[in-house]
Amino acid sequence: MRNSDFYPRVFAHCRFPRSEEPRIIAADYVLCAALCWPACGREALWDFSAISLLFVERDDVIDADGDHDVRGMLKACITDAESAFTTTNEERFGPLMKVIWDRLRGYVPPGQLDRLTRTVDDYFHGCLETAERRTAAESYEDLDAYLRARRRTIGQAIDHILIEISLGIDLSAECENPLLRSLHTCDLDRVILLQDLQSLHKEILAGEGEENAVSVIARSRNITTMEAAQLTIDRFQATMDRHAELSAQLIKETGSSTISSYVNGMNRFVAGLIAWNARSPRYGGHSA
């Protein structure tokens, strides 16, 4: 799929100012989807590219807009999610969300799609809670408190289900497996820490430091940003090690080739995310 096939259709459904279109094209969300979900077919690649664009661009709007405007937008997003995206109360991104969900209904099992929809709904609720916290000028007590809140807004729980879809598997029956749930939490944390390390410079310049693990550690421990960054790197490495331990334990316990394939998909996702973030202008990289 070429960018020339993707962006005109996206822009036809989303209310992006024309002046923003070159920046969005330069971000290369098609590459993002291809790197993060390399097993997906052509149809899913279009949908996953559009989902990536929507959530990244919406996240930037949430960071940039005033809290009152953000809360109104998020409440409209929640209404659309609760209708399984059969409505478009949120005017800027809602029409494309409806298009994507109409497409997903054509090839995603209903139970799995329902899980995805409920996960997106929880993401929006988490973003709304964060916006309300920011309005009240509430700070995070420590890194663990920050991680607990951030797990709902990182979007990685959505990506987990997209990994399943890309691989043609459905883990609905495994969702309550305690080891898998622990692995998911560990994966959320490693992605949060990774994203925060990669976006720290941008967020400090934009005055968004409180929504970053490094800044939370620096403030809560009264240490320098450099010291806090090293502690964040250490925590990230420990989380990576824990992820590997849990993965091996889960594969051994289940003896399932499907679980093994899924774990590999999670690791390919993170590798793809690192590669995309490194070249994305959003994180200070440069497009090819």
Side-chain angles (χ1 to χ4, degrees), residues 10 13-14 29-30 32-59 62 73-90 93-129 150-177 180-181 183-188 191-192 258-259 261-266 268-270 272-273:
V10 167
H13 292 289
C14 282
Y29 291 101
V30 175
C32 175
L35 290 172
C36 291
W37 299 280
C40 66
R42 183 179 179 85
E43 184 175 29
L45 179 61
W46 195 97
D47 296 331
F48 290 13
S49 299
I51 289 171
S52 300
L53 182 153
L54 282 175
F55 281 92
V56 171
E57 294 297 328
R58 191 188 335 243
D59 185 60
I62 290 171
M73 180 188 77
L74 287 169
K75 288 175 182 177
C77 289
I78 289 168
T79 300
D80 289 342
E82 291 175 347
S83 78
F85 299 106
T86 59
T87 63
T88 53
N89 292 276
E90 198 287 298
F93 303 103
L96 184 55
M97 289 292 287
K98 184 177 184 302
V99 168
I100 294 167
W101 252 249
D102 286 344
R103 288 170 54 89
L104 292 175
R105 289 186 185 95
Y107 62 91
V108 178
Q112 191 175 36
L113 184 57
D114 180 61
R115 260 198 308 130
L116 177 63
T117 305
R118 285 186 280 110
T119 303
V120 171
D121 184 43
D122 185 67
Y123 164 83
F124 289 143
H125 277 283
C127 290
L128 182 59
E129 287 185 9
R150 189 75 174 97
R151 286 168 191 153
R152 296 184 72 191
T153 64
I154 188 64
Q156 186 67 4
I158 298 168
D159 297 327
H160 288 159
I161 303 174
L162 297 183
I163 291 169
E164 293 179 38
I165 295 170
S166 74
L167 295 170
I169 61 177
D170 185 350
L171 297 181
S172 297
E174 300 290 338
C175 285
E176 298 307 312
N177 183 317
L180 181 59
R181 294 179 69 175
L183 181 63
H184 279 157
T185 300
C186 188
D187 195 58
L188 295 174
V191 171
I192 292 166
T258 297
I259 290 291
S261 191
Y262 176 66
V263 168
N264 288 335
M266 295 174 77
R268 283 195 298 268
F269 177 93
V270 171
L273 184 65

Do the ring planes of W37 and F48 sit parallel (below 30°), tilted (30 to 60°) or perpendicular (above 60°)?
-> perpendicular
Between P95 and E90, the two heavy atoms sitting closest are CD-O, 3.7 Å
Please walk me through it: do F85 and I100 pass side-chain contact (heavy atoms from CB on, under 4.5 Å)?
-> CA-CA 9 Å; F85 299 106; I100 294 167; over 6 Å; no
Please step through side-chain contact (heavy atoms from CB on, under 4.5 Å) for the pair I78 and L128, ending with a clear verdict.
-> CA-CA 9 Å; I78 289 168; L128 182 59; 4.0 Å; yes
What is the distance from atom CG of D122 to atom CD of E129, rounded to the nearest 0.5 Å?
-> 8.5 Å
Distance, nearest 0.5 Å, that separates CG of L188 from CZ of R150 = 10.5 Å
Could you pull out all donor-acceptor pairs under 3.5 Å where a side-chain atom in residues 154-163 meets a protein atom, sequence neighbours excluded?
residue	atom	partner	partner atom	Å
Q156	NE2	D187	OD2	2.9
H160	NE2	D187	OD2	2.7

Under a 4.5 Å cut-off applied to non-hydrogen side-chain atoms, are L116 and L113 in contact?
-> yes
Dump the intermediate steps for side-chain contact (heavy atoms from CB on, under 4.5 Å) on E57 and C14, then the final yes or no.
-> CA-CA 11 Å; E57 294 297 328; C14 282; over 6 Å; no
Check A33 against L45 and note the closest heavy-atom contact, atom names and distance.
-> CB-CD1, 3.7 Å
Is D121 reaching over with its side chain to a backbone N or O of E82, donor-acceptor style, under 3.5 angstrom?
-> no
Check: N177 main-chain N/O paired with E174 side-chain donor or acceptor under 3.5 Å = no
When rounded to the nearest 0.5 Å, the distance separating OH of Y262 from CZ of F269 is 10.5 Å
Search all heavy atoms of F124 against all heavy atoms of A81 and return the closest pair with its distance.
-> CD1-CB, 4.2 Å
Rounded to the nearest 0.5 Å, what's the gap from CD on E164 to OG on S261? Could you check?
-> 11.0 Å
Heavy atoms only: give me the nearest A39-L167 pair and the separation to one decimal.
-> CB-CD2, 3.8 Å
Heavy-atom closest pair, residues V10 and W46 | CG2-CZ2, 4.4 Å
Please examine the side chains of D80 and W101, heavy atoms only from C-beta on, and report whether any two atoms are closer than 4.5 Å.
-> no
side-chain contact (heavy atoms from CB on, under 4.5 Å) evaluation trace for K98 with H13 | CA-CA 10 Å; K98 184 177 184 302; H13 292 289; over 6 Å; no
Enter the distance from C77:SG to I62:CD1 here, rounded to the nearest 0.5 Å.
-> 7.0 Å
Taking all non-hydrogen atoms of both residues, which atom of A50 and which atom of L96 are closest, and how far apart?
-> CB-CD2, 4.3 Å
Backbone of P109 reached by a side-chain donor or acceptor of D170 within 3.5 Å | no
Would you give the length of the straight line joining atom CG of D59 to atom CG of L54, rounded to the nearest 0.5 angstrom?
-> 12.5 Å
Name all residues meeting the side chain to side chain contact (heavy atoms under 4.5 Å, CB included) criterion together with R118; count only those two or more places apart in sequence or in a different chain, and write none if there are none.
-> D114, R115
For atom CZ of R105, is the number of surrounding heavy atoms from other residues, nucleotides or ligands below 6.0 Å larger than 12?
-> yes
